[in-house]
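The structure appears right after this line, and notes come after that.
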Number of protein chains: 2
Amino acid sequence: MSEPKRWRVMLVDDHRILLDGIKTLLGSEPDMEIVAEAGDARMAMQLLTYVHVDLLVSDFSLPDTRHTDFLNELKVKFPNLPIVVLSMHDEPEIIRDVLNSGAKAYVMKSNSREELVKAMRHVMLGETYVSPEVALKLMQATQKTNSSALTEREIEIVKLIAKEYSNKQIADMLFISERTVESHRKNIFRKAGAHSVVGVMKYALEHKLL
Amino acid sequence: MSEPKRWRVMLVDDHRILLDGIKTLLGSEPDMEIVAEAGDARMAMQLLTYVHVDLLVSDFSLPDTRHTDFLNELKVKFPNLPIVVLSMHDEPEIIRDVLNSGAKAYVMKSNSREELVKAMRHVMLGETYVSPEVALKLMQATQKTNSSALTEREIEIVKLIAKEYSNKQIADMLFISERTVESHRKNIFRKAGAHSVVGVMKYALEHKLL
DNA sequence: TAGCAAATACCTAAAACAGGGTATTTTTAG
DNA sequence: CTAAAAATACCCTGTTTTAGGTATTTGCTA
């Protein structure tokens, strides 16, 4: 009988239990073969230099790197390696970041094993894939005209407020008058619907300005 | 040949892939049998009312409840059901919360499958169990005299400050004088080493007071 | 090039806050 | 029962912030 083509897969996840689980799960798929495992980005990069891998399935959050850093490094060193990202986050910003950083598929950990396998097969066919839940989240996000209405300068000032600088200090470091800072501040308050710095901070956190 | 006693296990985790993985993993253990699965606390509680379960293995974070709420509810309704908590968090406060809320074991998702199985067996023998990593974290924590130095009342006031209430408003809602609020506030600032509300907010976030 | 958004700057006045105290009552723990 | 810790309350003073304006300059774009 003819040997079926088996894709050589590398798994990256710092949660051993999940990693073991996925390995066992994929063991029953005839066209997949786990040839490498890593618990963090460093180990993954090292293994990739001497193990031939057709497909990489990686956790979104790794202990030793920020997600997009890892993806960007991979894009540079192994531009043809397709990547499926497994994540527990469903925030549109994160999903977008991941896909923009070169991942070919985004699957939630709350999805079924079938979704993961489906994503892997799609990716091996050169297609990108996001699970239905993820697609939904992305759709919803495009609806609301997000992005805070704050201008660049205002965001700059919000960041300085978050660092506990007073109006006077901010004025000094931006080489503008204290009056100007007050004006910006006033506009920030209005736009954020805040009545105290705390409100501005909440707004900044919600809109990921910090 | 004699039937070996198999423990009837229920798995609770909202990440299907992990759940499927663990199920497959435990499939090879001769003394464990997965008899129920749930993706959230509600479903778990329902299933427990009519499925006989010897041991519950639950994710720490579930979509529909705060961890300790679920554990407390279990303690009331099923006081004799031993629980192994699987978690990705290694913060001592969380570990302590979980164990204080009645869980018999705490295992990290980054631990090996053997750890999970070991924890389950220990628990079935009536013992408590934490994986070596977890034990280490707990040890380290007892060293530093942690817990914010803030008193109950001060924490209460920090929370109100975070909700953007002014001293006057806080005074009104706590039925104390504005002077008193100012005093508390002053002490909070001193203890937190802050020089503005933003500093207090950062302190509060770091010490998980909000 | 006319128009608009953004950034700049100033004025005023009330309110809130920060920081320095001190002092009394209530609670807690030894 | 007593000492310490916490909660309560007030005083004072100067500073900062908030909130309401108006106005000029700059840079982009239709």
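Under the ring pair (Phe, Tyr, Trp, His ring centres under 6.0 Å) criterion, His15(B) pairs with no residue at all, not counting sequence neighbours. Take Tyr165(B) and apply the ring pair (Phe, Tyr, Trp, His ring centres under 6.0 Å) test, not counting sequence neighbours, and it matches no residue. Scanning for side-chain hydrogen bond (donor to acceptor under 3.5 Å, both in side chains) contacts around Glu115(B) gives Tyr129(B), with sequence neighbours left out. Listed by chain and number, the residues in a salt bridge (charged side-chain N to carboxylate O under 4.0 Å, His left out) with Arg121(B) are Glu29(B), Asp31(B) (sequence neighbours excluded). The side-chain hydrogen bond (donor to acceptor under 3.5 Å, both in side chains) test applied to Thr180(A) returns no partner, not counting sequence neighbours.
Judged by distance alone, the side chains of Asn111(B) and Ser131(B) do bring a donor and an acceptor atom under 3.5 Å apart.
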Hey, can you pull the donor-acceptor pairs under 3.5 Å for the side chains in residues 75-90 of chain A, sequence neighbours left out?
unit_1   : atom_1 : unit_2    : atom_2 : d
Lys77(A) : NZ     : Glu73(A)  : OE2    : 3.2
Ser87(A) : OG     : His89(A)  : N      : 2.9
Ser87(A) : OG     : Tyr106(A) : OH     : 2.9

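Taking every nucleotide of DNA chain D with any atom under 4.0 Å from a non-hydrogen atom of chain A, the first and last of them, 5' to 3', are dT17(D) to dG21(D).
When rounded to the nearest whole Å, the span between NZ of Lys191(B) and P of dG19(C) equals 16 Å.
Taken residue by residue, residues 194-202 of chain B places heavy atoms nearer than 4.0 Å to DNA chain C at His195(B), Ser196(B), Val197(B). The stretch residues 160-181 of chain A touches DNA chain C through Ile176(A), Ser177(A), Arg179(A), Thr180(A), each having a heavy atom under 4.0 angstrom from the strand. Within a heavy-atom distance below 4.0 Å of DNA chain C, the residues of residues 183-190 of chain A found are Ser183(A), His184(A).
Ion pairing of Lys109(B) with Asp13(B) is present here, as a side-chain N (NZ or NE/NH1/NH2) and a carboxylate O approach within less than 4.0 Å.
Here salt bridge (charged side-chain N to carboxylate O under 4.0 Å, His left out) pairs that include residues 187-197 of chain B, with residues two or more places apart or in two chains, are Glu154(B)-Lys191(B).
Here the CD-OG1 distance, from Glu156(B) to Thr151(B), works out to 9.5 Å after rounding to the nearest 0.5 Å. Taken to the nearest 0.5 Å, the CE atom of Met32(A) stands 10.5 Å off from the CG atom of Asp54(A).
The terminal axes of the helix from dT1(C)-dA30(D) to dG30(C)-dC1(D), fitted over 5 pairs per end, subtend an angle of 60° to the nearest 10°.
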